[in-house]
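This chain uses plain numbering: 1 for the first residue, then up along the sequence.
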Amino acid sequence: MKKTPFLLAAVVVASPAFAQNDECTGALALAANAPTAFDTTAATPSAPAWPCAAGGGPDIWYSYTTSGIENIQVSTCNNATYDTAIEIFSGDCANLIALICNDDGAGCTGFTSTASASNIPAGTDLFIRIGGFNGAAGTGTVTLNSTPGGGGPGSDECSGAVPLVNGVSQSYDTTTASSSIPAWPCAAGGGSDIWYSYTTTALSDVAVETCGSSYDTAIEIFSGDCTALVPLVCNDDACGLQSTATAFGVPAGTELRIRVGGFNGSSGPGTVLLTEGAPFDCSVQPDDSFEDNDTCQTAAALTTGIYQGLFCSLTDSDFYEVSLGATDILNFNILDTPNEDLDLNLYDSSCNLINFFDTDGLSYPASGTAQTVIVEVFVDPNFAGVGCLNYDIDMSVAPDPCSTLGTDAFEENDDCASAVPLSDGSYPGLTVFDADNDYFAVTVPDGGTLDASILFLNANADVDLYLWDPLVACDTNVAGPGGGSGALALGFSATDDETITYTNTTGGPQNLILEVDMFTSGGCNSYDLNVTGAGVSTGPIGTNYCTSNANSTGNAASISGFGLTRVSANDVTLTASNLPANQFGILIVSANRGFVPGAGGTSNGNLCLGGAIGRYVGPGEILSSGGAGEFSLAIDLGLIPQGGGTTATVAGDTWNFQAWYRDGVGLGSNFTDGIEIVFTN
């Protein structure tokens, strides 16, 4: 006689051992400067939501208490098998205070992470969450490095600003610094920063530079005191990705505050140099060799090349004439310090304005028409500095690569309304342009998972991939580029290729839009598009049987199947519904039906399987019901867990499935009903 209750006990007892530190309340203590191995594959996502990791992934928790004023760095840099994320909190688990979140650490390979917080007071309890980007999980080593806080080359806060010496280079490192207020106006949110001070000795121009530093820097100069800072100038890129900021005409005895940080979260070591010099006198600056090119009608002719030592002022703009062939593209860049002083206007040959560029460069394609254009270089009166400036020009005229890249067979699919319907498949040789993004319509069945990827060379131009629900938001031209406000999923990186994955848990099929978006201004590229999981809903499959008992929600949980019973299609998704929110669960499978109430004495539910029972406990198979009280798993018919291994399904096989789940603290566990699926050729 088979002892089925004993088999159930094996099912429950052998279920994966969830980590003690799967939640903040079970956080394990981290020792300073001692690498600690971790594994998030059996963990679950925790609240609060991740601010830096596209929704985050399964996470585990650690704690650390400072013994003095400390600079803290928590790192998985180059020491994890997957795309990690780190967030550091103070407070307690019931009232977490977010300090910093990092997804990809500067200089770290494999999308690993580094998060730093500076000058943490003694006796502060910190909580460290280790997770993954956009659902990623895996193994790695985390190290908490601690160094004494409260000083160093540059102060972490304005109130402790360290004096700079005129003409003397100062080494610094912002790796363990924190970010200060006010917000950066020139560095995409800025990054970790440190503070310096300087008092002028005479009426002067004061220039501060980080040229030659090891990361993408930013500089901002203020007057006033730390409680009432007056911003004077901010610079991100002046010498490559490093910075130079100049405050003009600063009166003698003025105390300046200088903030040195990074662009968009960047940090690292570098050098800062302050130079105080006599005020720039526009009245004594000589005209350059192109004068008098002061009007559109007297524009000086330019050809491809670099032109140095040019000069313009508020009362003396410069105009340049450029001839373009029908397939040419003009790239016109100016190099000046500070970079916000000069702007560009582009005119046609009749001096009609084509466009204004509030930047240090422009790109303009002839778009099939040979023509002459005129570029004006002028001092922006809103950011005039001393009112005049020396600058260089780097200009090229070359055939536009986009002129030879034709449209593809799906045109005109130029907006959400004209999206072309797609089913599963590979679509090679497609093209996308800056002014002509591509849109495709897909249908994802309830419980189905859409996988879409675009394959391209980022060296040609940067392309991104978005998935939209048109009932909510659609199109980067409307919802906004970059963050993809309202997008269900997005692939947004500066590397070759983009991939998105989306699972439909709405309860019905979704009609969605894929957008292929050209990120590079004026750019174009060719790409291959691969789509799986798109198409009309295949509907429910299988026969439910057995009964399930009510759980803590008052409802009886159920299991359903969607997809195809054809073995060759390998398209089956199982969904457990009416579960308590945010609880763990797994799917179990057997070739036989059964019925064991209160199986093994550990459950409030009924086991509906008999004989040998397999468990789905591999990577990505430990499921959470989330806020909707539901989880789904697309099963591989070639890898049905049985007998300590797996077996492949063949036509004529019958498999019975059921979901086991936890039912909240102190309430034990429960089961859904069972579902039987008979597979065919």
Side-chain angles (χ1 to χ4, degrees), residues 19 21 27-43 45 50-64 70-89 99-118 120 126-147 152 171-179 191-192 213-217 241-242 261-270 458-459 491-499 619-620:
N21 57 335
L28 298 177
L30 268 184
N33 309 310
T36 299
F38 68 86
D39 186 343
T40 63
T41 55
W50 285 85
C52 72
D59 50 45
I60 55 178
W61 293 77
Y62 295 95
S63 63
Y64 179 79
E70 297 182 38
N71 300 321
I72 300 299
Q73 181 192 68
V74 181
S75 175
T76 60
C77 189
N78 305 327
N79 280 306
T81 62
Y82 70 106
D83 189 345
T84 62
I86 299 171
E87 189 168 14
I88 302 176
F89 303 85
L99 299 181
I100 189 167
C101 187
N102 178 262
D103 167 37
D104 298 333
C108 300
T109 60
F111 305 105
T112 48
S113 317
T114 299
S116 303
S118 298
I120 305 299
L126 298 176
F127 292 91
I128 298 111
R129 173 163 62 164
I130 309 295
F133 177 83
N134 196 24
T139 60
T141 299
V142 58
T143 304
L144 185 150
N145 296 306
S146 172
T147 58
S171 297
Y172 71 87
D173 192 338
T174 62
T175 304
T176 60
S178 60
S179 298
S192 304
S213 296
S214 66
Y215 70 104
D216 190 345
T217 65
L241 296 179
Q242 286 74 56
F263 176 82
N264 195 27
S266 296
S267 64
N458 190 74
F492 186 79
S493 71
T495 61
D496 292 348
D497 308 335
E498 300 290 357
T499 299

* Asked: Donor-acceptor pair, Asn78 side chain versus Thr109 backbone, under 3.5 Å?
  -> yes
* Please walk me through it: do Ser493 and Glu498 pass side chain to side chain donor-acceptor pair (under 3.5 Å)? -> CA-CA 7 Å; Ser493 71; Glu498 300 290 357; 2.8 Å; yes
* Asked: With distance as the sole test, does Ser192 use its side chain to make a donor-acceptor pair with the main-chain N or O of Thr175 at under 3.5 Å?
  -> no
* Looking only at heavy atoms, which two atoms of Ser63 and Ile128 are closest? And how far apart? -> C-CD1, 4.4 Å
* For the student: nearest non-hydrogen atoms of Tyr62 and Ala27, plus distance -> C-CB, 3.8 Å
* Does any N or O in the side chain of Thr76 come within less than 3.5 Å of the main-chain N or O of Ser113, such that one atom is a donor and the other an acceptor? -> yes
* Structure fact -> For Ala32 and Ser146, the nearest pair of non-hydrogen atoms, with its separation, is CB-CB, 4.2 Å
* To do: Drop me the distance from Ser75's OG to Ile86's CD1, to the nearest 0.5 angstrom.
  => 6.0 Å
* Asked: At what distance, to the nearest 0.5 angstrom, does CG of Asp103 lie from CZ of Phe133?
  -> 5.5 Å
* Backbone of Ala115 reached by a side-chain donor or acceptor of Gln73 within 3.5 Å -> no
* Asked: Is a side-chain N or O of Asn102 found less than 3.5 angstrom from the main chain of Thr114, in a donor-acceptor match?
  -> yes
* Could you give me the CA-CA distance, side-chain angles and deciding distance for Thr112 and Asn79, then say whether side chain to side chain contact (heavy atoms under 4.5 Å, CB included) is met? => CA-CA 7 Å; Thr112 48; Asn79 280 306; over 6 Å; no
* To do: Mark yes or no for whether Ser214, through its side chain, and Pro269, through its backbone, hold a donor-acceptor pair below 3.5 Å.
  => yes
* Step by step, would you call Thr495 with Asn458 a side chain to side chain donor-acceptor pair (under 3.5 Å)? -> CA-CA 6 Å; Thr495 61; Asn458 190 74; over 6 Å; no
* OG1-CZ distance between Thr84 and Phe111, expressed to the nearest 0.5 angstrom -> 11.0 Å
* Asked: Any donor-acceptor pair under 3.5 Å linking the side chain of Asp39 with the backbone of Thr139?
  -> no
* Asked: How many angstroms lie between CG in Leu144 and OG1 in Thr36, if you round to the nearest 0.5 Å?
  -> 9.0 Å
* Going from OH on Tyr64 to CD1 on Ile72, what distance comes out if it is rounded to the nearest 0.5 angstrom? -> 4.5 Å
* Structure fact -> Closest non-hydrogen contact found for Gln242 with Tyr215 is NE2-O, 2.7 Å
* **Between CH2 on residue Trp61 and CG on residue Asn21, distance to nearest 0.5 Å** => 10.5 Å
* To do: Please confirm whether the backbone N or O of Gly132 pairs with a side-chain atom of Asp83, one donor and one acceptor, at under 3.5 Å?
  => no
* Structure fact -> Thr40 and Pro58 have their tightest heavy-atom pair at O-CB, 3.5 Å
* Asked: For the side chain of Asn134 and the backbone of Gly55, is there at least one donor-acceptor N/O pair under 3.5 Å apart?
  -> no
* Compare every heavy atom of Trp50 with every heavy atom of Cys101, then report the nearest pair and how far apart it is. => SG-CE3, 3.7 Å
